[in-house]
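Have a look at the structure below, then the notes.
What you see is a predicted model; the values in this text were computed from it and never measured.
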Amino acid sequence: MNNPRAAAEPAAAVAVPEAVSALDEPGHGRPAGPGGRRAALGPVALVVAGGLSVQFGAAVAVLLMPRAGALGVVTLRLAAAALVLLVICRPKLRGHSRADWGTVVAFGVAMGGMNTLFYQAADRIPLGAAVTLEVLGPLVLSVVASRRLVNLVWAALALGGVLLLSGGGFDRLDPVGAAYALGAGAMWAAYIVFSARTGRRFPQADGLALAMVVAAVLSLPLGIMEAGSKLLVPSTLGLGIAVALLSSVLPYTLELMALRRLPAPTFAVLMSLEPAIAATAGFLILDQALSSTDALAIALVIGASMGAVRSQTRGSRKR
């Protein structure tokens, strides 16, 4: 997805914050007693709220694109998020090896590429379709990493959903927009891999903050070339900060809180709902109506993501 979430398991269908992955152990995230189910609703609500924040933030970003362009919006979002995370995390710059810095730079490149490609897609095709195509990247990563034949079924189900969404060919969608979304999915898969490595090398969210700075620096020339002085218009700047808070800072905080009491596999299943949340945000804010065929296609991809996560979880328990 297009938001900064570090990943604990490269085989997961979605990203899981590495900083709290160790909390997914016996005694953590598994409420006991009669009130256990009720207690579990709190972190679930936090994850859903994070997903709503991400996708409605993306919808606001689409509204901002006529003012600053897709690349300008990416620059505003990444730069604002980087400043906020630097203030909150205050990462230490000393004591890291060359390999540590290489990992965080790769993480930042993946993050910047993921955001840039996704917003290019959202500028050309409906938000729900863009997120549905993007989620294929983590899904393919999950299938490849699991090495289980049953996950080929989930891959086939997701492929059927994509073909249904495209109407048998991407001519129904803008082919360039669809290609950008698929590219964003590939970068999301790379993002998951490098975020896990960054999380192992940097404490707390320090690696995330530093990677966000790398992504912001890389996006800055592109944003300036496309939008120039428009980026400094107060109303545009304000909306850009709002997008950064909605799509980056707020959801990361909510998910971090949720994962203190929620198992990572459950988190991954909930994150699989984001294409549906994106479609809802597109409908409510951008007037992007879905046909029944589009809704079925998104449902197939969501089902495939959930199945892949559950299959991976069962395989891990058996081993």
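Considering all non-hydrogen atoms of both residues, Pro275 and Thr132 come closest at CB-OG1, 3.5 Å. In terms of heavy atoms, Ala61 sits closest to Tyr119 at CB-CE2, 3.4 Å. Of all the heavy atoms in Pro251 and Ser53, the pair that sits closest is CD-OG, 3.7 Å. Across all their heavy atoms, Ala181 and Ala121 have their closest contact at N-CB, 3.5 Å. The shortest non-hydrogen separation linking Met65 to Ala122 is CE-CB, 4.4 Å. Minimum heavy-atom separation, Pro126 to Leu173: CD-CD2, 4.3 Å.
Checking each of Val214, Leu218, Leu208 against Met111 for a side-chain contact (heavy atoms from CB on, under 4.5 Å) leaves exactly one that passes, namely Leu208.
Looking at heavy atoms from C-beta onward, Val105 lies out of side-chain contact with Phe194 at the 4.5 angstrom threshold. Within the 4.5 Å cutoff, the side chain of Glu226 has no heavy atoms near those of the Thr75 side chain. With a 4.5 Å cut-off on side-chain heavy atoms, Thr116 and Tyr180 do not count as touching. The shortest side-chain heavy-atom distance between Ser219 and Leu71 does not fall under the 4.5 Å cut-off. Contact check for Leu117 versus Gln120: no side-chain heavy atoms found under the 4.5 Å cut-off. No side-chain heavy atom of Leu63 sits under 4.5 Å from any side-chain heavy atom of Leu239. A 4.5 Å side-chain heavy-atom check between Val74 and Leu222 finds every atom pair outside the cut-off.
Side-chain atoms of Arg200 and Thr103 form no donor-acceptor pair, as typed in the model, at a separation below 3.5 Å. One side chain, Ser97 or Asp100, offers a donor N or O that lies under 3.5 Å from an acceptor on the other.
Interatomic distance, CG of Leu64 versus CG of Leu76, reported as 6.5 Å (0.5 Å rounding).
Residues Met225 and Val233 do not share a hydrophobic cluster, defined by chaining ILVMFWY side chains whose heavy atoms lie under 4.5 Å apart. If you chain together hydrophobic residues whose side chains sit under 4.5 Å apart, Leu78 and Leu210 never meet in one group.
Below 30°, between 30° and 60°, or above 60°: for His96 and Phe202 the angle between ring planes is between 30° and 60°, a tilted geometry.
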